[in-house]
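Worksheet: the structure to be examined is printed underneath.
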Amino acid sequence: MKFIRDLIGKKQAQAEAETAAETAAETAAAPEEKIEETQHDPIDPRLRGDELSPEVNAMLTNVNAKTRPADAPSVQAPAVNIWDMDNDDGSTALPDTAPVLPKPSPALASAAAARSPARSRRTKTRLIGFDKSDGSVVDLFNDAPKVVATQRAKFPVGWIVVAAGPGRGESFALMAGMNPIGRGDDQAIQLDFGDTAISRSNHAAIVYDTDGKEFLLGHGGKSNIVRLNDKPVISNETIKTGDVIRIGETVLRFVALCDRSFNWADGATEEGDDVAIA
């Protein structure tokens, strides 16, 4: 019996040793299998194809959203300030002195200002009677050039104007009756402007006939011919406004005031007026 117990004890000890060895081998291989299973087995049961309730599904979606790594933020280049930029030579210090710019000459500056479009469109304003430099008041009457007073004629019947030649621009008033033409001081039309072809007295005459209310031109019998509208005057000729009279180098233009439609004698009320007109 003892022999049988010893044999059974040895068999049990041998079986226990083999069981212990198998257990140790299984224990050593278990971590590798667990690691492999962990790598291939996803945490989210939905990835394994498991069916979950809507509440659990929403909870897992919220957890995955919070645990998922956020996208890396885009890195923007910092803005460059012009004051932080370096010079070409790498120096950021300010120059000791400012560069001296050439000054334009006054003539060039005034020429450039004159060509400026804004200046050309500007309206120039000047106050009459005031000097633009120092603001002093200028007396327009005392500083004005002296003007020779024009001869006034009362009751003129017409005018003779020097249109060309010596004395151009001069004018003479014609009176009723005889108006002699010459270079002398006693001539009604004194053409003393340097034309020596005109006689001193009575070279020609213009007459206003108050009865016939017409103007007549006559010559004084001098050697130099009197021409009316480029035709020589042989006898008395009737003249009208616009007619041209030429004596020597002097050209005269006639302008009539009185005619059959107007005469100073018509409507005269005072005795002095009647005498002056007559």
Side-chain angles (χ1 to χ4, degrees), residues 139-278:
D139 193 338
L140 298 178
F141 298 97
N142 292 337
D143 296 343
K146 302 299 181 181
V147 179
V148 179
T150 57
Q151 296 180 354
R152 294 185 301 175
K154 191 175 182 180
F155 301 116
V157 295
W159 296 270
I160 281 290
V161 181
V162 181
R168 180 174 179 268
E170 295 287 342
S171 62
F172 303 90
L174 301 176
M175 308 304 295
M178 179 74 67
N179 295 273
I181 302 173
R183 293 187 291 112
D185 296 339
D186 59 343
Q187 303 296 293
I189 304 173
Q190 185 182 1
L191 302 177
D192 190 12
F193 304 114
D195 188 355
T196 56
I198 300 176
S199 301
R200 293 189 61 85
S201 61
N202 300 329
H203 194 120
I206 297 177
V207 178
Y208 176 65
D209 183 5
T210 56
D211 293 338
K213 296 181 176 55
E214 61 180 357
F215 291 88
L216 300 173
L217 172 65
H219 67 88
K222 306 298 181 179
S223 59
N224 291 329
I225 299 176
V226 178
R227 295 181 179 275
L228 174 62
N229 298 328
D230 293 331
K231 294 181 180 181
V233 176
I234 304 301
S235 60
N236 296 335
E237 299 286 346
T238 303
I239 58 177
K240 61 185 181 301
T241 296
D243 285 345
V244 177
I245 303 169
R246 182 163 63 87
I247 305 174
E249 299 178 358
T250 304
V251 179
L252 308 175
R253 181 174 290 273
F254 170 69
V255 179
L257 173 63
C258 294
D259 52 16
R260 295 185 180 278
S261 62
F262 173 79
N263 190 21
W264 291 114
D266 299 337
T269 56
E270 298 183 3
E271 181 180 358
D273 295 344
D274 295 340
V275 173
I277 296 173

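Just so you know, these numbers come straight off a predicted model, no measurement behind them.
- Nearest heavy-atom pair, Ala163 versus Arg253, reported as atom, atom and distance to 0.1 Å: CB-CB, 4.5 Å.
- Remark: Asp259 engages Ser261, Phe262 in a side chain to side chain contact (heavy atoms under 4.5 Å, CB included) (not counting sequence neighbours).
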Would you list the atom pairs, donor with acceptor, under 3.5 Å between side chains in residues 217-225 and any protein atom, with sequence neighbours excluded?
residue: His219; atom: ND1; partner: Gly221; partner atom: N; Å: 3.0
residue: His219; atom: NE2; partner: Ile234; partner atom: O; Å: 2.8
residue: Asn224; atom: ND2; partner: Ala197; partner atom: O; Å: 2.4

Less than 3.5 Å apart, which donor and acceptor atoms pair up between the side chains of residues 240-249 and the rest of the protein, not counting sequence neighbours?
residue: Thr241; atom: OG1; partner: Ala256; partner atom: N; Å: 3.0
residue: Asp243; atom: OD1; partner: Asn229; partner atom: ND2; Å: 3.3
residue: Asp243; atom: OD2; partner: Lys240; partner atom: N; Å: 2.8

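- Atoms CD1 and OG1, on Ile181 and Thr250 in that order, are 10.5 Å from each other to the nearest 0.5 Å.
- The nearest pair of heavy atoms linking Val226 to Ala204 is CG2-CB, 3.9 Å.
- Under the ring pair (Phe, Tyr, Trp, His ring centres under 6.0 Å) criterion, no residue pair touches residues 225-245, with sequence neighbours excluded.
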Give every donor-acceptor pair under 3.5 Å between a side-chain atom in residues 182-194 and any protein atom, sequence neighbours left out.
residue: Arg183; atom: NE; partner: Ile198; partner atom: O; Å: 2.5
residue: Asp185; atom: OD1; partner: Gln190; partner atom: NE2; Å: 2.9
residue: Gln187; atom: OE1; partner: Asn202; partner atom: N; Å: 3.0

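- No option in Val157, Ile239, Leu252 other than Ile239 meets the side chain to side chain contact (heavy atoms under 4.5 Å, CB included) test with Ile206.
- By the side chain to side chain contact (heavy atoms under 4.5 Å, CB included) test, Thr238 is found to be paired with Glu214, Leu216, residues two or more places apart in sequence or in another chain being considered.
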Which donor-acceptor pairs under 3.5 Å do side chains of residues 169-176 form with protein atoms, sequence neighbours excluded?
none

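- With sequence neighbours left out, Phe215 forms a ring-ring contact (aromatic ring centres under 6.0 Å, His included) with Tyr208, Phe254.
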